[in-house]
Amino acid sequence: MRIYRAKNYQELSRKAANIISAQIIIKPNCVLGLATGSSPIGTYRQLTEWYEKGDLDFREVKTVNLDEYVGLSGTDHQSYRYFMNDNLFNHVNIDRQNTNVPNGKAADLQAECKRYNELIRSLGGIDMQLLGIGRNGHIGFNEPEEAFEKETHIVNLTDSTIEANARLFDNIADVPGQAITMGIKSIMQAKRILLIASGKDKADAIQKTLFGPVSPKVPASILQIHQNLTVVADDDALSECGLGSEGMIVC
Ligand code: GLP
């Protein structure tokens with residue numbers, strides 16, 4: 001794996017956006033796996049800025065998002081579809097037909113999981129998957145103790161995830177208890193993975209993910225065995241890893 005150290009969130013966002021834009025320039029019709037949460041907002045903003053400058057073209061890019069809350073429709077401001085439209089898709093020249101987020105309102109959720117798996121396969125797989133990380137080491141909504149072998153499936157969110165995500169809702173009781181998420185297997189099948197992390201509250205999860213035992217107790221720890229993992233993290237997120245101060249570390 002390759003770890004890029006950033007001084008702060010802004011630098012992290014620029015570096016992550018650089019890596020994603022390199023992917024788009026090398027393969028204009030690439031399939032990007034995208035993530036939500038606070039971590040990628042700066043990355044999306046930077047990509048938008050470069051698009052506006054004329055340096056990036058999303059016309060042929062296809063996207064598949066990691067996850068969606070069960071029960072929220074795309075027009076709901078807390079839904080991940082809304083987040084993606086608001087933070088990226090509304091601002092660049094991507095064809096909306098080429099953007100995919102699981103449908104949290106599907107009448108048959110199992111059928112929706114199956115459809116999503118088939119969709120990813122029909123696109124030829126994911127060229128680059130962007131990931132944030134939860135404080136308990138979750139990726140997408142794959143909570144601790146989940147089997148590594150799963151593709152897209154329905155999960156019950158843990159109390160810690162509900163609490164962490166409650167800040168984006170009016171009331172903690174409004175946070176859905178379930179989500180539809182790509183599984184670890186779907187994520188691991190991506191050709192490249194870009195994991196981003198910022199802040200002290202991610203330091204423990206990042207240390208365990210990158211240097212702890214590979215275990216379902218820390219879902220992201222499986223990324224250690226991915227063939228092409230790039231991590232972009234700031235000083236705070238790397239503070240428990242015991243690394244030097246180099247800007248780039250190859251382990
Ligand atoms: C949610 C998302 C994850 C995300 C995590 C961390 O649970 N499902 O994909 O990585 O939150 O979010 P943040 O970047 O806001 O800390």
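Atoms within a ligand are numbered from 1 in the order they appear, just like the ligands themselves. The shown structure was predicted, so the numbers you read here are calculated from the model rather than taken from an experiment.
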#### Entry: Check: N85 main-chain N/O paired with N90 side-chain donor or acceptor under 3.5 Å
yes
### Message
So does V218 get a backbone contact from the side chain of K208, meaning a donor-acceptor N/O pair under 3.5 Å?
### Response
no
### Query
If you measure from OG on S198 to CD on E11, what distance do you get to the nearest 0.5 Å?
11.5 Å
Could you list each nitrogen or oxygen of ligand 1 that sits under 3.5 Å from a protein nitrogen or oxygen, with the atom names and the distance?
residue: ligand 1; atom: 7 (O); partner: H138; partner atom: NE2; Å: 2.8
residue: ligand 1; atom: 7 (O); partner: N165; partner atom: ND2; Å: 3.4
residue: ligand 1; atom: 8 (N); partner: D67; partner atom: OD2; Å: 2.8
residue: ligand 1; atom: 8 (N); partner: G140; partner atom: O; Å: 3.1
residue: ligand 1; atom: 10 (O); partner: I133; partner atom: N; Å: 3.3
residue: ligand 1; atom: 14 (O); partner: S38; partner atom: N; Å: 3.3
residue: ligand 1; atom: 14 (O); partner: S39; partner atom: N; Å: 2.9
residue: ligand 1; atom: 14 (O); partner: S39; partner atom: OG; Å: 2.5
residue: ligand 1; atom: 15 (O); partner: S38; partner atom: N; Å: 2.7
residue: ligand 1; atom: 15 (O); partner: S38; partner atom: OG; Å: 3.1
residue: ligand 1; atom: 15 (O); partner: R167; partner atom: NH2; Å: 2.8
residue: ligand 1; atom: 16 (O); partner: K202; partner atom: NZ; Å: 2.6

### Query
By side chain to side chain donor-acceptor pair (under 3.5 Å), which residues pair with R135, not counting sequence neighbours?
none
### Query
Are more than 12 heavy atoms from other residues, nucleotides or ligands located less than 6.0 Å from atom NZ of K185?
no
### Any donor-acceptor N or O pair under 3.5 Å, side chains Y69, N165
yes
